[in-house]
Amino acid sequence: MESVEVFTSEGKGRGLKAQKEFLPGDVIFAEPAYAAVVFDSLTHVICHTCFKRQERLHRCGQCKFAYYCDRTCQRAAWLNHKNECSAIKKHGKAPTENIRLAARIMWKIEREGSGLAEGCLVSIDDLQNHVDSFSEEEKKELRADMESFLEFWPPQSQQFGMQFISHIFGVINCNGFTLSDQRGLQAVGVGIFPNLCQANHDCWPNCTVIFNNGNHEAVRSMFHTQMRIELRALSKISPGDELTVSYVDFLNVSEERRKQLKKQYYFDCTCEHCKKQIKDDLMLAAKAGESKPSAETVKEVVQFSKDTLEKINKARMEGLYHEVVKLCRECLKKQEPVLGDTNIYLLRILSIASEVLSYLQMFEEAADYAKRMVDGYLKIYHPNNAQLGMAVMRAGVTHWHAGLIEAGHGLICKAYAILLITHGPSHPITKDLEVMRVQTEMELRMFQQNEFMYYKMREAALKNQKIQVMPEPSNETSPSLFHKKE
């Protein structure tokens, strides 16, 4: 951690600043979790050590609750699982994720004390809890969590005061970091990373945070790597610059981002993009030119889009994907003559339509929507934004499935360039993308030499394979940086 230091940031409290120069893609620091747990709904399909999704997992023979990839992951987990295992057996069932995370934190404090842990810039005691800013509903949930915790916490373990227990739950509420599976597509757990908690928010940050599940699969343990978060530079950072990350997705107008940050993280955003409302005009753009619509027409179409998005969410929850496509097409018909190409309501519908159509194997229409979505995103997002990279990657894969090899290869190369910076060359997503990039480059050469022969060979190859179904569309948005209890 010698490359960063904690300092007092004007108007923001503590923050992190660089001690040396960093270039885009540099890892500023990597940090293992102080404590982490799998979400309640996924405890049987996600490894409790590395948080990877696996088809077959080994169950703990004692508590019958924890699952692991293999003996390697199980052995690595034992220090943190030992007390939990015994408590679950005595309690009769596993408590909720918040209770389990609080218990893991306190068992670690019992083992190591609450002072500065190795590699930590701050102690758990010094993390912000914002309990004083809780709404009445949040205070009620806090009291319920504390009661459940006291029922679960073993009498033979170190006993903590109510104020300290309240502090720990407050820390989890505002500092719990979202952990994703190895593909980075689904939020699967929550963890506490004290050093990361010191990084302040900026809607246009100079850093990004990526979760790396580590590698426990190597035959020789010397090649094993730990589950960790990585703080990576998105742009050139000079010594003395504050290190910032974005707590929320940028794809929202400044007023909405500020409301979200105030509600979830209890502060008023004063970043340049919010103060000057930078990019808001693009996100709310209407069609320009001679046929420019009236303000009233734009307002009506935006309201129609909001209503449609609610119907789409309901249909997705019920798995009615053909209904989702129908709703998207109807909405696009209303939007296209009125909203600009970068309008966030148009982009949201294009994103859903391309994802669902890909799942339904309607790749040509999906590719058209995906291309328009990416064109809009490129004008709005930071050029090295991780969510932009993932969206461009999905668009590239959709174009490949549609047989549009030139456009597909171009998008995959663009996504690869972004993810090399945001995720790094050793991340599973980047490795997958590199394989795709090489494959599409080979196919593109073949296509350029003999287009007719390329399509014949492609057709033959696809006939000999089972139809590859795209992943089922998720009802979740992209995992946000910090996990908030629903």
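For Lys311 and Glu330, the salt-bridge test fails: no basic side-chain N is under 4.0 Å from an acidic carboxylate O. Taking 4.0 Å as the cut-off between side-chain N and carboxylate O, Arg258 and Asp268 do not count as a salt-bridged pair. A salt bridge does not link Asp375 with Lys379: every distance from a Lys NZ or Arg NE/NH1/NH2 to an Asp or Glu carboxylate oxygen is 4.0 Å or more. A salt bridge between Glu318 and Lys314 is present, with a side-chain N of the basic residue lying under 4.0 Å from a carboxylate O of the acidic one. A salt bridge links Lys259 to Glu256: one of the charged nitrogens lies within less than 4.0 Å of a carboxylate oxygen.
Not a single donor-acceptor pair under 3.5 Å links the side chain of Asn385 to the backbone N or O of His382. Judged by distance alone, with hydrogens and angles left aside, the side-chain atoms of Thr244 form a donor-acceptor pair with the main-chain N or O of Asn206 at under 3.5 Å. Although no hydrogens or angles enter the test, the distance criterion places no donor-acceptor pair under 3.5 Å between the side chain of Thr430 and the main chain of Ser426. A distance-only check finds a donor-acceptor pair linking the side chain of Arg257 to the backbone of Asn252 [under 3.5 Å]. Here the side chain of His48 pairs no donor or acceptor atom with the backbone of Val38 at under 3.5 angstrom. Between the side chain of Gln198 and the backbone N or O of Val6, no donor-acceptor pair lies under 3.5 Å. A donor-acceptor contact shorter than 3.5 Å is absent between the side chain of Thr208 and the backbone of Arg232. Side-chain atoms of Glu97 come within 3.5 Å of backbone N or O of Asp40 as a donor-acceptor pair. Listed for the Asp26 side chain is no donor-acceptor partner under 3.5 Å among the backbone atoms of Ala233. The main-chain N or O of Pro95 is found under 3.5 Å from a side-chain atom of Arg100 such that the two form a donor-acceptor pair.
Partners of Glu242 according to the salt bridge (Lys or Arg N to Asp or Glu O under 4.0 Å) rule, which considers only residues two or more places apart in sequence or in another chain, are Lys12. Residues satisfying the ring pair (Phe, Tyr, Trp, His ring centres under 6.0 Å) test with His273, not counting sequence neighbours, are Trp204, Phe250.
For the pair Val131 and Lys139, the tightest heavy-atom approach, listed with the atom from each and the gap, is O-CE, 4.2 Å. Smallest separation of non-hydrogen atoms from Tyr34 and Pro194: CB-CD, 3.8 Å.
A cation-pi contact links Arg348 to Tyr345, judged by a cut-off of 6.0 Å to the six-membered ring centre and 45° from its axis.
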